[in-house]
Amino acid sequence: MKCHDDALIRLFHVYKRYGAKNALFDISLDIFKNEFLFLTGPSGAGKSTLLKLLYLGESLSEGQILIDRMNLARVSRKRAPELRRKLGIIFQDYKLIPTKTVYENVSLVLEARGMSHKFIQKKVHSVLRTVGMEKRKKSFPPGLSGGEQQKVAVARAVVGEPKIILADEPTGSLDADSAGTIFDLLTNIHARGATVLVATHDAELIRSAKGRVIQLKEGKVVAE
Amino acid sequence: MKCHDDALIRLFHVYKRYGAKNALFDISLDIFKNEFLFLTGPSGAGKSTLLKLLYLGESLSEGQILIDRMNLARVSRKRAPELRRKLGIIFQDYKLIPTKTVYENVSLVLEARGMSHKFIQKKVHSVLRTVGMEKRKKSFPPGLSGGEQQKVAVARAVVGEPKIILADEPTGSLDADSAGTIFDLLTNIHARGATVLVATHDAELIRSAKGRVIQLKEGKVVAE
Amino acid sequence: MKSLLFKRALQDILNNRFLNTVTVITIALSVLIVSSFALFFTNANELLDTWKKGIRALVYLNPETTDANRLDLKYNIQKLNGVSEARFISRKEALAQMKVQMGRQSSLLESLKPNPLPDAFEVRLSPDSQTMAAIEKLSKAIELLPHVDEVEYGRQWIGKFTNIINMLRFVGYAMGGLFLVATLFIVANTVRLLLYSRQEEIAIMRLVGTTDRFIKMPFYIQGVILGALGGIIGMSGLYFAFWFVSEKFHRGLSAELLDIHFLPLDVTAGIIVGSMIIGWIGCYLSLKQFLKA
Amino acid sequence: MKSLLFKRALQDILNNRFLNTVTVITIALSVLIVSSFALFFTNANELLDTWKKGIRALVYLNPETTDANRLDLKYNIQKLNGVSEARFISRKEALAQMKVQMGRQSSLLESLKPNPLPDAFEVRLSPDSQTMAAIEKLSKAIELLPHVDEVEYGRQWIGKFTNIINMLRFVGYAMGGLFLVATLFIVANTVRLLLYSRQEEIAIMRLVGTTDRFIKMPFYIQGVILGALGGIIGMSGLYFAFWFVSEKFHRGLSAELLDIHFLPLDVTAGIIVGSMIIGWIGCYLSLKQFLKA
Ligand SMILES: Nc1ncnc2c1ncn2[C@@H]1O[C@H](COP(=O)(O)OP(=O)(O)OP(=O)(O)O)[C@@H](O)[C@H]1O
Ligand SMILES: Nc1ncnc2c1ncn2[C@@H]1O[C@H](COP(=O)(O)OP(=O)(O)OP(=O)(O)O)[C@@H](O)[C@H]1O
Ligand SMILES: [Mg+2]
Ligand SMILES: [Mg+2]
């Protein structure tokens, strides 16, 4: 049996308010090491907000979040890079740098960690090949289709082999085939020990995969 | 029987090249008045590119496009606003103005047509209510969830009651319920006489609706 | 419609407060640079003019000249090109002047009983002839007139002095021109950079079918408002600095010797209007670039 | 690693060519404004110094003064505070000087056989005492010395003249300071606006876990490169303008009267380094703002 100490990510009574609006309301949740967790719920339920709290994209209004023994409610903003390096994040709106090429967008993550030039080159190419974007490595994001941008965003998230993957609607712009590829990639990484958290409203995706499902609605957990 | 002269949008041997890449290859297509047409195909097939050509977001490399008797291959760029006012466009990446409120983003379209202040107010509120975003009219797009942004983008596209709707993945970020609402809205507009062109890879959406389906792959029409 | 446009423009400025503040500050500083130099230069120019008025030629008359001859001569001199004034200085007046000039040493003139000085005309030049060449030519012409004994004009000194003044003036105009062009560029560039941050917004507006006119108007209004604000702030700053400097030196300066003025009201207004025009031009250039595609 | 950073910075500049060009032009123009004023001011200052050297007092000696007394007196005068030089002018020399000064009218001195002028000392002041108050105090002190008959120093004229020079100098420093501060602001603001267009990129980089240091370094390098380019272009422009002006006026100016120089090499280098520092500061301010959140 999993006990509480195994939890990699713990949320205790977390609230997030934007003005008067409760985007998240009293969320308590333990996510265990090497779990594959789905976060689902209608538009505006708070899925992205929950992920934002986890990567310090927003600060929480109340409650506590522990990730890998780091207390996000207390930790100084200066330690955000340290936290974010443990995470691979697929943003709902991709957040690719429009003035950098596909290759540069992906390699950036490794460069920032001071990896060797050679290693970076090999690793970035291999990841781009996996998502099917190797041929477009010199393109700039505005010259890519929506789905292609999403593939690059996935490549960037996984290239650093993070312990935790936070994926916000990672297959929203993809056709069934491409979505399958991306999902296989995530499953693969999960198999290699990573903890994966996927926010999606794609019911089919959830059905086809096995994993815990947390359902949010108006900021509250309504089903697990 | 429909004859060629009924066609509202006509494409003759249209090519679109980006450098050496053929994003569209020899597309010929007639779209009739009050048709509901789906454009489908895998990521990178050229769906968005085709729509871009129709709203003069890109210029075509070869061929002819006629919309409502306007020849896009020949028309001066100065007449783009005239064309675009006949169209309601839902962009794949929403293209909301981040520094304007939801209300302003939608009302902009009517203001530009010189409508009266009173009319604008009434119309914008009614459209925002339909998509379920009336309560958020004072929010700025970066403070909205992905799905909420998409709803606003839909509202902006339909508020001007255009003759032609170009919708690029209009329900990609939405849960099934919201998607249904949006789709009903499009159906409604279609029933009132508009021509609707939807680019999507959502097989379910296509199945549930009746309408012509054009399938693209690597820039070519592969099935109709 | 007009007031709506104006409202849209103001709202826009408020929405982009930080960048607009930066822009207004830049415009104000540019206006301050140009106008402070203009202020300095107009005042310095007046000073130079006062000095230059000292350039004159002395025309010594023949001792036998009669009063009638003298009037003829005066008429003839004044007819010459480049002469602004010919004033008669009698030998008595000349001696008195000399005594004043010599100060303490004037006592040594006391003993001179038959006044040895000749009568003379002091000839002043019109402003556009205050050059070495003009005064030389004029002297030659005057020397040829009847009853003229000699013409004196401190050849060397005048040459150098007018050269320096001309150079100062040239450098002044050059610097003024440079500052003007430089700040025009700076302001236009700043407005361009400002609008650069609005590029996405402009692109989106075009995609939803607004006309270029509809897009441009609020920006033009904004550009003009920013220019006006910058101009007013800059000129106020200059006025304050001017007030401070002239207060500080008020005691020490006699009014006749150096009477400093602020820029006249019309120039001040002109600078502010100019600043509005530049704001407009900056918008024009940016928008042209963005709307080209 | 170092060279990689540098490469990243250069690549960045090329990727954002238009905005960087605008920025470099703005920096160059700002440098041009400040340095052209500095050039003008240093040269004008030299000119003012030359003129100010003309301020002097004449100390007339008692007719009974012996040669020994005279040496004593000279020693005593030179001992006084604020005196830079005391030169003896014999009555003969004085008369000769006067004749030169009087030009044509000197003939009337010919007849003076017993030279009525006294011997005198011409006293020049050290540079830091060239004020009205100092010369007044000094004159009083000299008058008390033995064998001194009278001290003359053109009270009024000197008062006005030094006042004007002091004012010109003050205005010059004030304007120079103003221009410097204004252009510092302008350059820093321009770099801020430039980086504003990179805000999104910076935000994204932070989200994917890069440290602030990693983000900042290329920008700092860019800021310094832009500053250096702007400084070099600005100073080259100034040198060209200087060369043009001095060529144009070369003939007319005798070397002694007004010897104009370009800014010394160390000042030129200093301005370029300063421009690099401002580029850096502009980046610093922007980045601080962006990275605060
Ligand atoms: N910065 C913000 N300011 C104000 N409200 C916000 C902000 N960010 C999010 N919200 C609101 O919080 C709620 C939850 O948003 P969130 O993005 O988490 O939804 P979501 O579950 O990801 O929805 P979707 O499936 O549409 O992406 C929404 O109603 C949204 O409008
Ligand atoms: N500006 C551009 N420069 C170069 N290539 C481009 C550009 N825009 C689109 N492309 C390429 O053209 C092809 C078609 O793109 P398009 O956006 O039409 O695809 P799509 O069918 O909309 O795909 P998706 O479902 O992913 O949105 C893609 O391979 C894309 O990379
Ligand atoms: Mg979301
Ligand atoms: Mg697309």
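Below, read A as the first sequence line, B as the second, and so on, with proteins coming before strands; counting in each chain starts at 1.
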Within 6.0 Å of OH in Tyr239(C), more than 12 heavy atoms from elsewhere: no
For chain D, which candidate among Ser36(C), Ala174(C), Gly237(C) shows the most heavy-atom pairs at distances under 4.5 Å? Ser36(C)
Comparing Ser30(D), Ala28(D), Ala182(D) against chain C, the one with the most heavy-atom pairs below 4.5 Å turns out to be Ala182(D)
Are side-chain heavy atoms of Ile33(D) and Leu178(C) found at a separation under 4.5 Å? no
Anything in residues 183-191 of chain D with a heavy-atom distance to chain C below 4.5 Å? Please list those residues in order. Thr183(D), Phe185(D), Ile186(D), Asn189(D), Thr190(D)
Chain D contacts, top residue of Leu193(C), Leu32(C), Thr23(C), Ile25(C) (heavy-atom pairs, under 4.5 Å): Leu193(C)
Using the ring of each side chain (for Trp, its six-membered ring), is Phe37(D) parallel, tilted or perpendicular to Phe179(C), with breaks at 30° and 60°? tilted
Is any side-chain heavy atom of Phe18(D) less than 4.5 Å from a side-chain heavy atom of Tyr196(C)? yes
